[in-house]
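First up is the structure itself, then whatever we jot down about it.
Basis for what follows: all heavy atoms, side chains included, without hydrogens, waters or symmetry-related copies. Both ligands and their constituent atoms are indexed starting at 1 by order of listing.
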Amino acid sequence: MQPSRKTSRRRAGSHLPQENSHEAALHTIRMMLKGRTGYDAFPVSFRLIVLDTKLSVTRALQCLLANNVVSAPLWNSQKSAFAGMLTLLDIVHLIQYFYKLSAGMGVNYESVKKDVERLPLEHLRAIEKELGVAEPPLLSATPNASMFDAAKVLMQTHARRLPLLDKDSETDHEVIVSVLTQYRLLKFVAMNCPTEILQLHHSLRKLKIGTYVSASGVRPFFPLATATLDTPVFDVVQMFSERSISAVPIINEDGVVVDMYETVDVLTLVRLGVYQNLDLTVGEALKTRSPDFLGVVICNASDSLRTLLELIKKRRVHRLVVVEGDEEEKQGGKKGRLLGIITLSDVLRYLIGDQEIAEET
Ligand code: AMP
């Protein structure tokens, strides 16, 4: 087909080398995020589960499971004020606390179980103090803030979600409007910048998106936190808490990725009431995983950022495991062996840019 005179005319800038088109696409995406607010990211209809801080841990967990959500904003009804978020990390801390009391200190298991389950959500922060782990900051933003600024706050604080608060114009009371997640932000980019995404053709390896194995004889997968099917679940729960990560690749003796244990999997332990048995191995715990689990998403370091964003557009993916592919096998590697991990925060960090993140919001 011959191009018509009209279509063969070049758009301004189309003669730029590929490197520039990549930078130009990033610039356009950043400008788009600067010009849109949290309100723009809301779906047409959505529901928001808010938990009162007087609720017991058991009731709150039942509520998360019944509504198929993994986190919820907290509300202090005495003060009529937002009181933070209940997240999977809180459940990880609860499990650590439970373990410390029952196994570590030899306190009767049944009495510890009752105490932990009856604990009101408002006492969760005391558990963090007891465990000596960092208290999550009380983060929030107005839905009128730009999506770019919201993304910057997420990156600066290492949070995965940002509650959006507004004032009720009639009562002047604080209201929780929604929660902006890393996934929603990235999906918004993927949906609203189709042309720019096509320009992001460089490989994930070249762009250094994610955390990668830096070969070392003693710890071959350093700095990645990994486990095998025989690792006790509690060891993985400790990794979540100590390393502030939300997933650990499960590898076999050849380093080939066979599965992934995620923070969301601790909810299954809670649902089945087996969190008291943390000597359970990862292999045993994974057998109880819901059949709805979509599987581990795997990619190669030669895949492009464009492919990754197109995937985010199509399905709710939170992380990808990077494994050796044909290219590495040709050089003596092993197909499927662990190379790295890419999470949504790695992708968002790249799109926003380290320089911008370092600047005050
Ligand atoms: P996340 O909070 O899950 O988005 O991860 C935060 C950072 O930790 C990202 O830079 C990830 O690449 C990195 N990360 C995630 N999982 C692991 C892991 N198992 N081992 C080492 N680093 C990880």
Side-chain angles (χ1 to χ4, degrees), residues 70-71 85 87-93 133-134 136-137 139 150-162 179-187 189 203-216 219-229 231 233-252 255-267 282 285-286 296-301 303 305 308-309 311-312 316-323 337-354 357-358:
V70 294
S71 69
M85 293 286 297
T87 68
L88 290 171
L89 190 60
D90 292 309
I91 299 165
V92 163
H93 289 156
V133 296
L139 283 182
K152 259 175 79 171
V153 173
L154 287 176
M155 294 298 98
Q156 286 164 343
T157 56
H158 303 284
R160 297 179 183 107
R161 45 182 62 78
L162 185 63
V179 178
L180 189 61
T181 60
Q182 292 179 351
Y183 178 76
R184 202 179 280 176
L185 266 163
L186 286 171
K187 182 159 178 176
V189 171
S203 72
L204 297 163
R205 188 196 322 257
K206 179 170 178 195
L207 299 174
K208 298 194 175 72
I209 297 177
T211 305
Y212 293 86
V213 168
S214 59
S216 138
R219 297 172 62 194
F221 297 101
F222 180 84
L224 295 184
T226 62
T228 69
L229 288 170
T231 308
V233 165
F234 188 66
D235 290 1
V236 181
V237 167
Q238 295 274 62
M239 290 179 204
F240 290 153
S241 173
E242 284 163 11
R243 309 256 327 240
S244 293
I245 50 175
S246 54
V248 168
I250 309 301
I251 52 176
N252 69 13
V256 171
V257 178
V258 293
D259 215 320
M260 178 109 102
Y261 197 79
E262 305 178 9
T263 40
V264 70
D265 288 313
V266 298
L267 263 186
V282 167
L286 287 176
V296 179
V297 186
I298 280 182
C299 68
N300 296 141
D303 287 336
L305 176 56
L308 202 161
L309 284 164
L311 181 67
I312 288 173
R316 190 176 280 274
V317 46
H318 287 99
R319 59 193 67 81
L320 295 94
V321 187
V322 189
V323 296
R337 187 157 57 196
L338 179 65
L339 258 189
I341 188 161
I342 298 173
T343 69
L344 296 188
S345 60
D346 295 318
V347 184
L348 200 52
R349 175 170 291 277
Y350 179 78
L351 290 183
I352 299 296
D354 280 327
I357 294 167

Nearest heavy-atom neighbours spanning Tyr212 and Arg205:
OH-N, 4.4 Å
Are Leu344 and Ile312 side-chain neighbours, meaning at least one heavy-atom pair lies under 4.5 Å?
yes
Does the side chain of Ser345 pick up a donor-acceptor pair with the side chain of Arg160 at under 3.5 Å?
no
Within the distance-only criterion (no hydrogens, no angle test), does the side chain of [X] pair as donor or acceptor with the backbone N or O of [Y] below 3.5 angstrom?
X      : Y      : result
Asp259 : Leu286 : no
Gln182 : Ala159 : yes
Thr231 : Thr228 : yes

Atom pairs, nitrogen or oxygen, ligand 1 to protein, under 3.5 angstrom:
| residue | atom | partner | partner atom | Å |
| --- | --- | --- | --- | --- |
| ligand 1 | 2 (O) | Arg160 | NE | 3.0 |
| ligand 1 | 2 (O) | Arg160 | NH2 | 2.6 |
| ligand 1 | 3 (O) | Ser246 | OG | 2.8 |
| ligand 1 | 4 (O) | Thr343 | OG1 | 2.7 |
| ligand 1 | 4 (O) | Ser345 | OG | 2.6 |
| ligand 1 | 10 (O) | Asp346 | OD1 | 2.5 |
| ligand 1 | 12 (O) | Thr211 | OG1 | 2.7 |
| ligand 1 | 12 (O) | Asp346 | OD1 | 3.4 |
| ligand 1 | 12 (O) | Asp346 | OD2 | 2.6 |
| ligand 1 | 19 (N) | Ala225 | O | 3.1 |
| ligand 1 | 19 (N) | Ala247 | O | 3.0 |
| ligand 1 | 20 (N) | Ala225 | N | 2.9 |

